**Student:** 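I'd like to ask you about the structure that follows.
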Amino acid sequence: MKVAIVYETHTGTTSAAAEKMAELVRRAGHECTVESISNAEAAKVGRADAVAIGCWTKGWFIIRQHPSDGILPFVDQLSLKGRPTAVFATYKLAVGPTVRTLANAAEAAGGKVTGMYAVKGPNVPDGFEAWVASLDSGAAI
């Protein structure tokens, strides 16, 4: 299965998390590309069998959290056509509605959101390994 991981990063935290997630996907036997939205092509991402989309959480410390500025316009360009989609947001203090907002955008692009994750720091989100395992079975988690 071909998996695309795309992300927007500010300080490198989201990039590091995406790279670690890609390692896990590859260890599970899948092909995986991982790219910043500044380098990714929406059409190419839309051809993957499954997609993970990530961003950093922007906001005022612990209020008004939202996805970083470039990710939603990028997601709007995608055509996910029912593909399994995971969304993730990195955060330092609070994530607020960032993950839900990103999931809504992915669903509007046609994705079937089967994984939603908030991750503090540059780590693989809890539960992401189960999402990867679900790709083999086609199960939604």
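All figures in this text were calculated on a predicted structure; none of them were measured in a lab.
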**Student:** Using modelled atom types only, decide if a donor and an acceptor are shared between the side chain of Glu8 and the backbone of Ile71 within a distance under 3.5 Å.
**Tutor:**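 At least one qualifying donor-acceptor pair exists.
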
**Student:** Residues in side-chain contact (heavy atoms from CB on, under 4.5 Å) with Gln65, at least two apart?
**Tutor:**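 Per chain and number, Gln65 pairs via side-chain contact (heavy atoms from CB on, under 4.5 Å) with Thr57, Ala94, Pro97, Thr98.
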
**Student:** Go through the structure and list residues passing side-chain hydrogen bond (donor to acceptor under 3.5 Å, both in side chains) with Asn104, not counting sequence neighbours.
**Tutor:**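 Result, side-chain hydrogen bond (donor to acceptor under 3.5 Å, both in side chains) vs Asn104: Arg100.
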
**Student:** Check Met116 against Ala103 and note the closest heavy-atom contact, atom names and distance.
**Tutor:**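 Closest heavy-atom pair between Met116 and Ala103: SD-CB, 3.9 Å.
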
**Student:** When you group the ILVMFWY residues by side-chain heavy-atom contacts below 4.5 Å and let the links chain together, are Trp56 and Val75 in the same group?
**Tutor:**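 Different hydrophobic clusters.
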
**Student:** With sequence neighbours excluded, what pairs up with Arg47 under the side-chain contact (heavy atoms from CB on, under 4.5 Å) test?
**Tutor:**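 With sequence neighbours excluded, Arg47 shows a side-chain contact (heavy atoms from CB on, under 4.5 Å) to Ala43, Lys44, given in chain and number order.
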
**Student:** For the side chain of Asp49 and the backbone of Met1, is there at least one donor-acceptor N/O pair under 3.5 Å apart?
**Tutor:**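 No, because the side chain of Asp49 does not come within donor-acceptor range (under 3.5 Å) of the backbone of Met1.
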
**Student:** Given Val45 and Ile53, is the side chain to side chain contact (heavy atoms under 4.5 Å, CB included) satisfied, shown in steps?
**Tutor:** CA-CA 10 Å; Val45 172; Ile53 303 166; over 6 Å; no

**Student:** Can you pull the ring pair (Phe, Tyr, Trp, His ring centres under 6.0 Å) pairs that have at least one residue in residues 70-95, sequence neighbours excluded?
**Tutor:**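 Those involving residues 70-95 do not exist here.
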
**Student:** For Ala48, which residues count as a side-chain contact (heavy atoms from CB on, under 4.5 Å) partner, sequence neighbours excluded?
**Tutor:**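 With sequence neighbours excluded, Ala48 shows a side-chain contact (heavy atoms from CB on, under 4.5 Å) to Ala4, Val51, given in chain and number order.
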
**Student:** I need the minimum non-hydrogen distance between Val6 and Ile37, along with the two atoms involved.
**Tutor:**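 That would be CB-CG2, 4.4 Å.
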
**Student:** Donor-acceptor pairs under 3.5 Å, side chain of residues 21-33 to any protein atom, not counting sequence neighbours: which ones?
**Tutor:**
| residue | atom | partner | partner atom | Å |
| --- | --- | --- | --- | --- |
| Arg26 | NE | Cys32 | O | 3.4 |
| Arg26 | NH2 | Cys32 | O | 2.9 |
| His30 | NE2 | Asp136 | OD1 | 3.4 |

**Student:** Provide the closest heavy-atom pair for Thr85 versus Gly111 in the form atom of the first, atom of the second, distance.
**Tutor:**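 For Thr85 and Gly111, the tightest heavy-atom pair comes out as OG1-CA, 3.6 Å.
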
**Student:** Not counting sequence neighbours, which residues clear side-chain hydrogen bond (donor to acceptor under 3.5 Å, both in side chains) with Ser15? List them please.
**Tutor:**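 Counting only residues at least two positions away or on another chain, Ser15 forms a side-chain hydrogen bond (donor to acceptor under 3.5 Å, both in side chains) with Tyr7.
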
**Student:** For Ser36, check side-chain hydrogen bond (donor to acceptor under 3.5 Å, both in side chains) against everything at least two apart and list the hits.
**Tutor:**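 Result, side-chain hydrogen bond (donor to acceptor under 3.5 Å, both in side chains) vs Ser36: Ser38.
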
**Student:** How close do Pro67 and Leu102 get, heavy atom to heavy atom, and via which atoms?
**Tutor:**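 Heavy atoms only, the tightest pair is CG-N, 4.4 Å.
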
**Student:** Looking at every heavy atom in both Ala17 and Gly121, which two are closest together, and how far apart are they?
**Tutor:**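 Nearest heavy atoms, Ala17 then Gly121: CB-O, 4.4 Å.
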
**Student:** Which residue pairs pass the salt bridge (charged side-chain N to carboxylate O under 4.0 Å, His left out) test when at least one of the two sits in residues 118-130, sequence neighbours left out?
**Tutor:**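 Qualifying pairs: none.
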
**Student:** Which atom names give the shortest non-hydrogen contact between Ala86 and Tyr117, and what distance separates them?
**Tutor:**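 Minimum heavy-atom contact is CB-CE1, 4.0 Å.
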
**Student:** Taking side-chain contact (heavy atoms from CB on, under 4.5 Å) as the test, write out the residues that go with Thr13, two or more places apart.
**Tutor:**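 Partners of Thr13 by the side-chain contact (heavy atoms from CB on, under 4.5 Å) criterion, ordered by chain and then number, come out as Thr11, Thr90, Lys92, Pro122.
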
**Student:** Tell me which pairs pass salt bridge (charged side-chain N to carboxylate O under 4.0 Å, His left out) where either residue lies in residues 67-90, with sequence neighbours left out.
**Tutor:**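 Every salt bridge (charged side-chain N to carboxylate O under 4.0 Å, His left out) pair that includes a residue of residues 67-90, provided the two are not neighbours, is Lys58-Asp69.
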
